[in-house]
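First the proteins, then the strands, lettered A, B, ... as listed; each starts at 1. No experiment lies behind these values; they were computed from the predicted model shown.
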Amino acid sequence: MSEQKRITPRTLKGFRDYPPEAMIPRERLISTARRVYRSYGFSPIDTPALEYLDILSGKGGEETDKQLYKFQDHGGRWVGLRFDLTVPLARFAAEHVNELGIPLKRYHIATVWRGENTQRGRYREFMQCDFDTIGTRSVAADIETTLVIHDLLRAIGFSDFTIRLNNRMVLSGLLERLGLSERATAVLRALDKLGKIGAKAVAEEMTSTAGASAEQAAQVLRLAELPSGNEEALRAVEPLVAGNETGQLGLHRLKEVLDGATAGGVVDGRLRLDLSIARGLDYYTGTIFETFLNALPAIGSVCSGGRYDNLAALFTSQELPGIGASLGLDRLLAAMEELGMIEKVSTPAPVFIPYFDKSRLHDYLRLASAVRRAGVGVEVFCDPKRLGDQLKYADRRGFRVALIAGGNEFQAGVCQVKNLQTGEKQDVPLEPDAASIVAAIKKLLEIDLTA
RNA sequence: GUGGCUGUAGCUCAGUUGGUUAGAGUACCAGAUUGUGGAUCUGGGUGUCGGGGGUUCGAGUCCCCUCAGCCACCCCA
């Protein structure tokens, strides 16, 4: 026998395997997002992972360019892996709006790649769950976007979170008045760090890096000192944008979004005006969102987005205004893991049937398929090992119910339905359609859900 | 991309100033039990000490490089 050369199994930095324990909550989150998006009428789309490089790098940020995974394909074409879902959406919209019509409401749940340094909740391959409404400037879309973010977080199981709301036009108006329009990007980038590094450090960065005067920096920072109540904050902003049309328009829209969200059922306190959020991406032009978990603000925004005037300017002369947001699935999962919200289960099926009596395989299979027909997942163990071992397996995987039947049960025409969480068991008549057994299972599963 | 910290069994970790054959708990596997698991008992170490090179009589331990993880910067989900 010759020695076989083995390759060390490993994954690239920032790329991960997802074992069942990780994949089950992941899939659950994806299906929650899908359900919420669909409930507002957003339709699914998908686009290729690989695009022509000029399409991806067209937007042109230097930072973006550095993070792009790019290479030449077999035909010598320069291609790249998408690093977000917005640029592919722009290309998609430019190609297909005329067939699909406006407004185009789509969601897109897919993997993206960024070759940047890794950190907790930050990977090189991760999944985004985007939804966007394209082709309208109506405030109704801004409000709806707010409601979707809110419903999404609620549906996932959070109640303690804050959606921070801002409008780029207010910032622009203020900067115009201060004569800082030229330096807007750098100033806003500094302002965006307010929550993290504090007012003093922000002021310093504004004067040193962004080239603002101390007086200008102080003026910008007054945004941070706004009262915490939304009504009061709105009133306080008024004098700051007085006489500036852009700023006033932005302020008006903020008010409309706040009122609309309240009408749509967003509880007071979950949506907060915060003029210090600026978002890194510079294609946002109006409403901006960032969502933080109050229990874990350090992990950053888990759902961000905003309004843009002209999504596809790079690809078409047709003007396509829109608004949307993106749920950071992997970041959110990292947060949920840390908050103990991830149930340790490695089976997606709730019911377990031990392969108990060697001669009864067909009976087990029949029973399993009857239960499946009733819409409940069942696993039949595949080796007739000792019952204790099989139950141990079921326990480790997180099964909720076991259907145990051996010679005694078959003789008596019953099946033992066992609650694996409490150990309680009961004998239930074994019928051809397993109706009584299904009823017993459903009852158990319901009780567990409400507990 | 820059800087700092870390890396020993699947997991959590111990391992003395460099010294012989690298340990514990837990998990896992096999069995005292051919009918009942989530804390019974018994047996089993499952390890390229992240990888490579160097110093040394001798390296898990010291030095260099590299890979990976965490933290900060940057940027962002």
*asked:* Roughly how many Å apart are G10(B) and C29(B), using the C1' atom of each and rounding to a whole number?
replied: 13 Å
_Test ring-ring contact (aromatic ring centres under 6.0 Å, His included) applied to Tyr393(A) and Phe381(A), step by step_ = CA-CA 9 Å; Tyr393(A) 167 90; Phe381(A) 199 71; 4.8 Å; yes
_Tell me the interatomic distance from Arg122(A), atom CZ, to C73(B), atom C1', rounded to whole angstroms._
10 Å
*Side chains of Tyr40(A) and Asp151(A): do they bring a donor and an acceptor to under 3.5 Å?*
yes
*For the side chain of Gln119(A) and the base of A77(B), is some donor closer than 3.5 Å to an acceptor across the two?*
no
*For Leu29(A) and A77(B), give me the distance from atom CG to atom C1', rounded to whole Å.*
12 Å
*Nearest-angstrom distance, P atom, G69(B) to U33(B)*: 49 Å
*Any chance you could list the contact pattern along nucleotides 64-69 of chain B? Use B for base contacts, S for sugar-phosphate-only contacts and - for none, protein heavy atoms under 4.0 Å, 5' to 3'.*
----SS
*How close or far is atom P of G1(B) from atom CG of Leu68(A), stated in whole angstroms?*
15 Å
*Plane angle bin for Phe399(A) and Phe352(A) - parallel if under 30°, tilted between 30 and 60°, otherwise perpendicular*: tilted
*asked:* With a 4.5 Å cut-off on side-chain heavy atoms, are Phe158(A) and Met336(A) touching?
replied: yes
_So if I define the base as every atom that isn't primed, P, OP1 or OP2, how would nucleotides 32-47 of chain B read as a B/S/- string at a heavy-atom cutoff under 4.0 Å?_
SS-BBBB---------
*Whichever of Asn117(A) and Phe126(A) has its nearest RNA chain B nucleotide further upstream toward 5'*: Asn117(A)
_Value in whole Å for how far the P atom of C74(B) lies from CG of Asp192(A)_ = 11 Å
*asked:* I'd like the P distance from G25(B) over to G37(B), given in whole Å.
replied: 24 Å
_Under 3.5 Å side-chain donor-acceptor pair for Arg38(A) and Tyr107(A)_ = yes
*Taking atom P in both C57(B) and U48(B), compute the distance separating them and give it to the nearest angstrom.*
29 Å
*With C1' as the reference atom in both, quote the distance from G31(B) to G23(B) in angstrom, rounded to an integer.*
25 Å
_Atom pair distance, as rounded to whole Å: CD in Glu21(A) and C1' in A27(B)_ = 12 Å
*Is it the case that Glu290(A) and Ser304(A) place a side-chain donor and acceptor less than 3.5 Å from each other?*
no
*Would you kindly check whether a donor in the side chain of Arg120(A) faces an acceptor in the base of C71(B), or vice versa, at under 3.5 angstrom?*
no
*asked:* Expressed as a whole number of angstroms, how long is the span from Arg114(A):CZ to C74(B):C1'?
replied: 14 Å
_Is a donor from one side chain sitting under 3.5 angstrom from an acceptor on the other, for Asp309(A) and Tyr284(A)?_
no
_Under 4.0 Å, heavy atoms only, any strand: does Gly300(A) hit a base, just the sugar-phosphate, or nothing?_
nothing
_Do Phe83(A) and Leu81(A) make a side-chain contact, defined as non-hydrogen atoms from C-beta onward lying under 4.5 Å apart?_
no
*With a 4.5 Å heavy-atom cut-off, do Phe161(A) and Thr291(A) have their side chains touching?*
yes
*asked:* Distance check, P atoms only: C74(B) and U8(B), in whole angstrom units.
replied: 31 Å
*Gln67(A) CD to U2(B) P: how many Å, rounded?*
14 Å
*How far does the C1' atom of C41(B) sit from the matching atom of U6(B), given to the nearest Å?*
40 Å
*Would you check if there is a donor-acceptor pair between the side chains of Asp160(A) and Asn294(A) at a distance under 3.5 Å?*
yes
*Is there side-chain contact between Arg122(A) and Glu116(A), with at least one heavy-atom pair below 4.5 Å?*
yes
*For U2(B), give its Watson-Crick or G-U wobble partner with both distances under 3.5 Å, or none.*
A72(B)
_Contact under 4.0 Å: Lys193(A) side-chain N or O vs C75(B) OP1/OP2_ = yes
*Check the distance between C73(B)'s P and Glu204(A)'s CD and give it to me in whole angstrom.*
15 Å
